[in-house]
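Here's the structure we're looking at; comments come further down.
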There are 2 protein chains.
Amino acid sequence: MPHDALVSRTTLITRDAADPLARFRDLFHMPDDLIYLDGNSLGPLPKRTVERMQQVVQDEWGRLLIRGWTACDWINAPSRIGGKIARLIGAHPDEVICADSTSVNLFKTLAAALALKPGRHVILSTPDNFPTDLYMAQGLIRHLGGVHELRLVDGERIEDHLNDQVAVLLLTHVNYKTGRMYDLAHLTQRAHACGALTLWDLAHSTGAVPMDLNGAEVDFAVGCGYKYLNGGPGAPAYLFVARRWQPVFSQPLSGWMGHATPFAFDPVYEPAPGIGRYLCGTPPILSMAALECGIDLLLDADMQQIRAKSLALTDLFIQLVEMRCAGYGLELMTPRDHAIRGSQVSFRHPQGYALMQALIAAGVIGDFRAPDIVRFGFAPLYLRFVDVWDAVDRMLHILEARAWDREEFRQVKQVT
Amino acid sequence: MPHDALVSRTTLITRDAADPLARFRDLFHMPDDLIYLDGNSLGPLPKRTVERMQQVVQDEWGRLLIRGWTACDWINAPSRIGGKIARLIGAHPDEVICADSTSVNLFKTLAAALALKPGRHVILSTPDNFPTDLYMAQGLIRHLGGVHELRLVDGERIEDHLNDQVAVLLLTHVNYKTGRMYDLAHLTQRAHACGALTLWDLAHSTGAVPMDLNGAEVDFAVGCGYKYLNGGPGAPAYLFVARRWQPVFSQPLSGWMGHATPFAFDPVYEPAPGIGRYLCGTPPILSMAALECGIDLLLDADMQQIRAKSLALTDLFIQLVEMRCAGYGLELMTPRDHAIRGSQVSFRHPQGYALMQALIAAGVIGDFRAPDIVRFGFAPLYLRFVDVWDAVDRMLHILEARAWDREEFRQVKQVT
């Protein structure tokens, strides 16, 4: 009900009762009186994960010790979990593997992509891409002797810069600051039309936005396990390599777990036949066990329902903030257009840092992003419409009280 | 008591009673009737870890969510844990950081080392180095355009091959197959004398052998968290960079966690001032919490006592196998000389695979390594002298019964 002036806390409670995803909230640990609008930074703890962690620690590692690698199939956790992630992003199970961090996976896939385009020297991206994407590209370029160039262009003008110099288009599907979402299929098609490859960072969209990587003919992608997949702090990441590129091996992190026969202990590297060659070291089983619980939970939900509720929650939040908090200097940064909005809403505010500190103190957890952005993530599996009302309610009280003037909220406590 | 013919199960029980490390065994979960001689592959579960994992999952992630990064100091886990590992290897706390896998850390440090020696093209190693060390070097060389060479020479002839072509001497301190240990200080000094740098893989020695990296003036090192540190399956690894090399930054995996100010979200990479620049992605907090428990436990013990008991256990095992299992075709591969022995004992046996399967079925867990090696690790914190007696006892029964002829033990179940 966008822009319905008759919305009230009561109508939202009714709306929650009719929500087809309502049953999922109870599957998470959610501290009382907390409105958690930061699942795009770190998803909450699924209740099932508590039990599973005890199992993997005590029954598997504790009782079986080294035998767990076969008896509990730890050895196949990267491909098994990858295959589950594939279902969330429209990929074949043998195109995705769970491994390392998003940053390390960016290095592997970007190196592989560049090697496939030896005559081209440009990595095309945007200055507002998530920093680690840019940093990893910068490191790779330096490492390769500086023959490549990271060309950063306005996100609205990408197509103008796709030409025969471009080896790889490196974009994050949903922008971490603004929530703006690119048209993945269209830009992939445009990149291909000029002979470039695509590498998509899906950190802020996996599990929140339906995707069809195969339908869009995406070449490479990476994504994060600890946001909408609810895999826990620093959960392992994943990478996607389209089947057609897998046999053309060039990822530089050629570790033993990516070897065709790791336990033959051959001194010469020979890549595993498929996506497995993108593994490197021994997989972190405890962290992967937690991640798998988060993914299993998400696979029980319908991605179309998730998307519909995500848009409804973000619509509602924008509507209520603009109605109830008008005149307090909040400026919407997130697109109103559904087609280009992810699952988060950001506002600028001159006292953004102190405002977010005050919100956190009031039990509304979001994120601050320099210089002046307050960012709110909306994860449809555990958020209710009434939570949106209550969050705006608490924000209004803070704005009315000008709480950012209080010293306790102005002290920068952020990790640096 | 080497080669004491009067050794008996009873004398060993007496010896255990006098063991200054005896109290540590009870700090581990150890399945009844299991003799675990594979702590050099995967260390057992410390009891404290069970409690800590519940805490980090439920109280930290579950209750604090994103706030855990500061409130629980997750953000400093890599440097805090690194600083603890430093105490085990004779390094300054600011020279070690916990991150990624051993393989990924090899890539970072080897790339950094090569960049410091631009006029030299040889990485010197041995054909029996742990395969991932060789694979990562091969991948890096390919990635850098093939101007470098991985030169593999006999481990007994390394000094003959140290010349002005050698950029880096890449060795594993204790060999994974044979348990042979190199003289780290001497070879480091010899490498430096010819102008080369050293990169030591300490996977099979960290926590089992006292080390003084600073005393030996080692340049770079990497090590593993899931062996003698008892950090759990696929636990995060670590890396060491001597203070003198830290300002000369060149590691290619320049991710956001290694940035000077990651939360400024600057688009241009600027390395953190010290060892932190060797971080890349978001640290895996759940796996790191488990690892830290294992390390804390080890820090309560005396490394000199650990080494003394390790040598006594391996001496006893060699003595008992050679006395009691003589004539069954077992051939010792591990050096008798204490100065060049790690904390494991390996024998060749023509039916090595089936022999190890039979041992595992009899509750003696070791490892098989192709083509014919049975390998036994001796971790002094939880192994008793009487365990050595019982392990040899069970092995003798298997040898007498020629159990390797049984079909169930001949079927290759090993992960491939």
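Hydrogens, waters and symmetry mates play no part in the numbers below; they use all other heavy atoms, side chains included. Proteins come first, then strands; the chains are lettered A, B, ... in the order of their sequence lines, and each starts at number 1.
The minimum heavy-atom distance linking A:Leu45 with B:Gln58 is given by the pair CD2-CA, 4.1 Å. Smallest separation of non-hydrogen atoms from A:Val268 and B:Tyr135: C-CE2, 3.5 Å. In terms of heavy-atom proximity, A:Trp69 sits nearest to B:Pro233 at CZ2-CB, 4.1 Å. Between A:Ser254 and B:Arg142 the shortest heavy-atom distance is OG-NH2, 3.7 Å. Taking all atoms of both residues into account, the shortest heavy-atom contact from A:Phe265 to B:Tyr176 is CB-OH, 3.4 Å. Across all their heavy atoms, A:Gly43 and B:Trp61 have their closest contact at O-NE1, 2.8 Å.
Using a 4.5 Å cut-off on side-chain heavy atoms (C-beta onward), A:His143 and B:Leu140 make contact. Side-chain contact between B:Arg63 and A:His29: absent, with no pair of heavy atoms (C-beta onward) separated by less than 4.5 Å.
Side chains of A:Ser101 and B:Thr282: a donor-acceptor N/O pair is absent below 3.5 angstrom, by distance only.
Contacts between B:Pro127 and chain A at a heavy-atom distance below 4.5 Å involve the backbone alone (N, CA, C, O). Both the backbone and the side chain of A:Met136 come within less than 4.5 Å of a heavy atom of chain B. With a threshold of 4.5 angstrom between heavy atoms, A:Asn230 approaches chain B through N, CA, C or O but not through any side-chain atom. Both the backbone and the side chain of A:Ser41 have a heavy atom closer than 4.5 Å to some heavy atom of chain B. Proximity to chain B is limited to the side chain of A:Leu34, based on heavy atoms less than 4.5 angstrom apart. Using a 4.5 Å cut-off between heavy atoms, A:Leu144 touches chain B through its side chain atoms alone.
The backbone N or O of A:Gly255 sits nowhere less than 3.5 Å from a side-chain atom of B:Ser103 that would complete a donor-acceptor pair. Under the 3.5 Å distance criterion, the side-chain polar atoms of A:Gln138 are left unmatched by any main-chain donor or acceptor of B:Glu270.
Heavy-atom pairs under 4.5 Å with chain B peak, among A:Gly39, A:Ala237, A:Pro46, A:Gly62, at A:Gly62. Interface remark: of the candidates A:Gly139, A:Ala235, A:Pro267, A:Pro267 forms the most heavy-atom pairs closer than 4.5 Å to chain B. Top candidate by heavy-atom pairs under 4.5 Å with chain A, chosen from B:Met53, B:Gln54, B:His259, is B:His259. Ranked by heavy-atom pairs shorter than 4.5 Å toward chain B, the options A:Pro284, A:Gly281, A:Pro283, A:Pro252 are led by A:Pro252. Counting heavy-atom pairs under 4.5 Å between each of B:Pro236, B:Gly68, B:Ser287, B:Gly225 and chain A puts B:Ser287 at the top. Most heavy-atom pairs under 4.5 Å with chain B: of the set A:Asn76, A:Asp128, A:Leu253, this distinction falls to A:Leu253. Note: A:Val57 leads A:Leu64, A:Ile141, A:Val57 in heavy-atom pairs under 4.5 Å with chain B. Contact count versus chain B (heavy atoms, under 4.5 Å) is highest, among A:Thr102, A:Val104, A:Leu134, A:Asp266, for A:Asp266.
Atoms CZ and CD1, from B:Arg67 and A:Ile360 in turn, are 8.0 Å apart once rounded to the nearest 0.5 Å. Of the inter-residue distances, the one linking A:Leu42 atom CG with B:Ile285 atom CD1 reads 10.0 Å to the nearest 0.5 angstrom. Here CG of A:Leu286 is found 13.0 Å from OH of B:Tyr226. Values are rounded to the nearest 0.5 Å. A distance of 7.0 Å separates CG of A:Leu65 from CD1 of B:Ile365, quoted to the nearest 0.5 Å.
Between B:Phe107 and A:Phe107, the distance from one ring center to the other falls under 6.0 angstrom.
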